Amino acid sequence: METVPRPGKGVPLKKDKLQAKRKKPRRYWEEETAPTAAGASPGPPRKKKKNLELRRQKLKNAHNSKKSWSSKKSQVTKKSREQRRPREQKNLREQKKPGSQQSLSGAQDPFPGPAPVPVQKARKFCRIDKSKKLPHSLPKTQSKLEVAEALEEEISIKAARSELLLAEEPGFLEGDDGEDTAKIRQADIVEAVDIASAAKHFDLNLRQFGPYRLDYSRTGRHMTFAGRRGHVAALDWVTKKLMCEINVMEAVRDIRFLHSEALLAVAQNRWLHIYDNQGIELHCVRRCDRVTRLEFLPFHFLLTTASETGFLTYLDVSVGKIVAALNARAGRLNVMAQNPYNAVIHLGHSNGTVSLWSPSVQEPLAKILCHRGGVQAVAVDSTGTLALNCVPQGGLRLMAILLPQPPKCWDHRYMATSGLDHQLKVFDLRGTYQPLSARTLPLGAGHLAFSQRGLLAAGMGDVVNIWTGQGKATLPALERPYLTHRLAGPVHGLQFCPFEDVLGVGHSGGITSMLVPGAAEPNFDGLESNPYRSRKQRQEWEVKALLEKVPAELICLNPRALAEVDVISLEQRKKERMERLGYDPEAKAPFQPKPKRKGRSSTGSMVKRKKKVLEQEHRDKVRQSLEEQQKQQKQQKAKPTGVQPSALDRFVR
Amino acid sequence: MKVKMLSRNPDNYVRETKLDLQRVPRNYDPTLHPFEVPREYIRALNATKLERVFAKPFLASLDGHRDGVNCLAKHPKSLATVLSGACDGEVKIWNLTNRKCIRTIQAHEGFVRGICTRFCGTSFFTVGDDKTVKQWKMDGPSYGEVEEPLHTILGKTVYTGIDHHWKDPAFATCGQQVDIWDEQRTNPICSMTWGFDSINSVKFNPIETFILGSCASDRNIVLYDMRQATPLKKVILDMRTNTICWNPMEAFIFTAANEDYNLYTFDMRALDTPVKVHMDHVSAVLDVDYCPTGKEFVSASFDKSIRIFPVNKSRSREVYHTKRMQHVICVRWTADSKYIMCGSDEMNIRLWKANASEKLGVLASRERAAQDYNQKLKEKFQHHPQIKRIARHRHLPKSIYSQIQEQRIMREARRRKELNRRKHSKPGSVPVVEERKKHVVAVVK
């Protein structure tokens, strides 16, 4: 009888140089051995210290893998509010223990049961906050909620399990012992990587019409750029095929692709123009004049323009209507970024504040005082967590908080800002708006960009610095850069290419495409944005995207608010109904003792029983209210000890 | 220096030949799918709108009767066969697949009052105004044979309804009393009566097959056990019940179609309060039939419409009407739970889809997956006001619409009056009575 070798025992121990250079492929039955595996790594800087940690983790993992997988299952479900649902599954699993299950041929299943899922991975997909208690509700509703929750958990586990199928691994760049990755030049990287990747590094020398702004399409396949002196071009940058090149004979301030690579919006000196990829002018939007910055919200089909006159305008490109024109009342607007998580627009102002805007509200949703001087640049990371700006002098004050605490599962949300005070700051956008880290730069960053995996690029004069964190979408550590690069002229535009390890930099000498290993998300979703899509696929995607265009009114700080219960209107309706009916239809009926048989039910005993229940209820109520009072008192007492009083407290209302 | 750049091989992402399907790699990472909730909401909204666009429930009209259709019966074995009896004593057997009448019998003189099939599907019974019960073969007579009933029983009084036992060769008729017959005999094995009024209909319970229910003109619903010589119990309602129907999945639940525009779902074990009062019709309800799943039932009304109610909801989920459909006398839900048939005054039998927007025919697996996904989304967002409004919207003929308005005003006036009475009398002397308890007069055992 032949038996399949058990996992872990028969792993070949060969170690030649080739293998050391290439990452060892992870078998699907093996536990994650290093943080570079799938979701856990930004890759780049790995120092010796970390290696120690890794080894420790490895040991731990190895220990885990020895456990039977049913115990692992219980780890996954440990967080669940109730273990009711998994119990059945567990029983099933137990039956399937390696020894007990044998197939007809007598061979054992070497991998019994479904593949194990690490809790951390499953948590990434979890959409509900398990730590919150379910609201008190009728038993029927309660059971429905529980079922929904169990289903949710199952879905997250299934989604986590499907991560095994992801084909690509993210890139990385590691220095040898003591080598600083920031010292590695682009030329070295180009030399070290394969030809296909090396071809992604290129320089366009366009000294005549610069400085240049640039933009990548959502699939990362196309690139468009515009020089200040009217030069506009669009190309498929992977194949280097030029789609169009025109001169609009007017100063160009910004350029953006609309939802697909077929349409470009160009902010020209007077008005906003829309061109197609042949360079034919399709529209001239005269209601958007003297535009300085453009942003496109792809799911809402909104083109946002910030103008010199201080107006923030939302143009619906699917119907050609202006949805909202908001006066920011802060003078000339030339710093704008969108939050990809909730489509809120961040505007940086010359007084050091960053204001958050939604088209449905005339006032800013929040204002954050970020810098002591004007804000130079703002960027928000792709999970919508982090934005940065640079200001002349540092200092932060919270002026308004409107954002509810989002669920914990959407972990990181950063905003990076830089200002004229030469500071670069990273803010937490999850309701607190506090700076997480800050750094003074010698020149101050004029341009900022976040990559899909959370790398932060800053353009300072003619130098580009890139910082990285400890993994995907983690806070970039600003102490030492991951990469630096000096360009032919001062930076004027900066953008990471989606789904490619490439940073596009527009400067006064033209365009530079830099290689930044580990910047991009390796696995794209074919239905969302597919770099390899065919014409037919693009057409279908376009129709579907238009069908599910999110209305502009739904833009708010918490995009999941739509899935939550609208308690306020619910209570209002309840009140109205009570008024209409003249009584509360859901009120608990007063206790009525049932008459007992065989003469034991005298009037006296009935009254006694009734009284007993009433008193019990009353006691419960009193006890509850007392407990609440005590809790409140405790909270009040705890406050002054925990937080140090600050001079800024006087501004908090 | 160790470096790895992201470098994809396009061959892994592009199809090899034109005949292949396009490759669509998926990544379910939530950061790649932003605005999950708003997008799903819009998808649900679109799905709801499409459901309304595709809501074309009317399939066919079977014409051929020369008088109003009075009763319908399903074939227990064949989905495509339907039997109908008309007011001129004619019985027709229909084939639903080609929507043709396959056989016509002049069964009675006067109305065909009731029709039912035997559980094996080889024969059927009819009762008529001519005081006879006739048993017929399901298959037509062979060449040269004369169309004749297998058996004929001559009774003393008019029979108004008939139902066959679900397992045994026995059937029950009603008229002045409820008679239970053995198929082999010409006299009833047992006759039961409670009160003196005429009984409209009698129905066997499909699960507890010895139990029957009947409803009479003196406003009561009576339950019987075939094994006993006397009735079990009865409940008296405000107004007369036209017919009842047992839930095919829950043995003790039945629904009664009442003259007071409502339907009442009762639990047989506790008749004093109906489980649910179903109100939406604006005229007397004439017939009711359960879906084989036991989750829904369909009712036919004098207001020229049929409505579909979920068992646990007091409001209907669907209303069907056409310009030409007059008072609907009888209605049946087919055994595959997909179609509804109704017979009406103007001599037609109409065939409807049970789910108005359902696509008929074989679905491709991707189509089915898309439909399931849309269904789930609709469920998820059903309580959002925008979606609810669209999903609930139905066009009604003016007569029904204005009657609904009128009845709403009446109900409101009654409620206001009660509220005022309660306000101005001694606290507790005008109690709040539940809607469910208002309509039951008494339960007698």
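The structure presented is a predicted model; accordingly, all values stated were derived computationally and were not measured. Throughout, a chain's letter reflects where its sequence line sits, starting with A, and its residues are numbered from 1.
- In this structure, CE on B:M1 lies 15.0 Å from NZ on A:K183, to the nearest 0.5 angstrom.
- Neither the backbone nor the side chain of A:A148 comes within less than 4.5 Å of any heavy atom in chain B.
- Contacts of B:R26 with chain A are made by both backbone and side-chain atoms, with heavy-atom separations under 4.5 Å.
- Residues satisfying the salt bridge (Lys or Arg N to Asp or Glu O under 4.0 Å) test with B:R436, not counting sequence neighbours, are B:E434.
- Both the backbone and the side chain of A:A520 have a heavy atom closer than 4.5 Å to some heavy atom of chain B.
- Within a 6.0 Å sphere centred on NZ of B:K438, other residues, nucleotides and ligands contribute more than 12 heavy atoms.
- Atoms CG and CG, on B:L45 and A:L547 in that order, are 11.5 Å from each other to the nearest 0.5 Å.
- Residue B:Y401 places its OH atom among 12 or fewer non-hydrogen atoms of other residues, nucleotides or ligands, all under 6.0 Å distant.
- No more than 12 heavy-atom neighbours from other residues, nucleotides or ligands sit within 6.0 angstrom of CZ on A:R185.
- Between the CZ atom of A:R560 and the CD atom of B:E36 there is a distance of 5.0 Å, given to the nearest 0.5 Å.
- Put simply, CG on A:L515 and CE on B:M5 are 4.0 Å apart, with the number rounded to the nearest 0.5 Å.
- Ring geometry for A:H300 against B:F35 counts as perpendicular: the plane angle is over 60°, on a 0 to 90° scale with 30° as the lower cut.
- If you take OH on B:Y28 and CD1 on A:I155, they are separated by 12.0 Å, rounding to the nearest 0.5 Å.
- More than 12 heavy atoms of other residues, nucleotides or ligands sit less than 6.0 Å from atom CZ of B:R15.
- A salt bridge does not link B:K4 to A:E169: none of the charged nitrogens lies less than 4.0 Å from a carboxylate oxygen.
- Closest approach of A:E168 and B:S7 over heavy atoms only: OE1-O, 4.0 Å.
- Between B:P34 and A:Y341 there is no side-chain heavy-atom pair separated by less than 4.5 Å.
- Within a 6.0 Å sphere centred on CZ of B:R368, other residues, nucleotides and ligands contribute 12 heavy atoms or fewer.
- Heavy-atom contacts from other residues, nucleotides or ligands closer than 6.0 Å to CZ of B:R421 number 12 or fewer.
- A salt bridge links B:R39 and A:E528; the closest N-O separation between the charged side-chain nitrogens and carboxylate oxygens is under 4.0 Å.
- Under the 3.5 Å distance criterion, the side-chain polar atoms of A:N523 are left unmatched by any main-chain donor or acceptor of B:N27.
- For B:H384, the part lying under 4.5 angstrom from a heavy atom of chain A is the side chain only.
- Between chain B and the options A:D194, A:L165, A:I189, heavy-atom pairs under 4.5 Å are most frequent for A:D194.
- With a 4.5 angstrom heavy-atom cutoff, B:R23 touches chain A only via backbone atoms.
- A pairwise comparison of heavy atoms in A:D525 and B:L32 identifies N-CD1, 4.3 Å as the closest pair.
- Here the side chains of A:R533 and B:Q22 are not in contact, with every heavy-atom distance at 4.5 Å or above.
- Between chain B and the options A:K544, A:K200, A:R580, heavy-atom pairs under 4.5 Å are most frequent for A:R580.
- The contact between A:D501 and chain B is made by backbone and side chain atoms together, counting heavy-atom distances below 4.5 Å.
- Comparing B:R415, B:E418, B:K423 by heavy-atom pairs within less than 4.5 Å of chain A, the highest count is held by B:R415.
- Pairing each heavy atom of B:V3 with each of A:A192, the nearest pair is CG1-CB, 3.6 Å.
- Contact of A:D176 with chain B is made through backbone and side chain together, with heavy-atom distances under 4.5 Å.
- In this structure, CD1 in B:I42 is found 6.0 Å from CG in A:L554, a value given to the nearest 0.5 Å.
- Using a 4.5 Å cut-off between heavy atoms, B:L6 touches chain A through backbone and side chain atoms alike.
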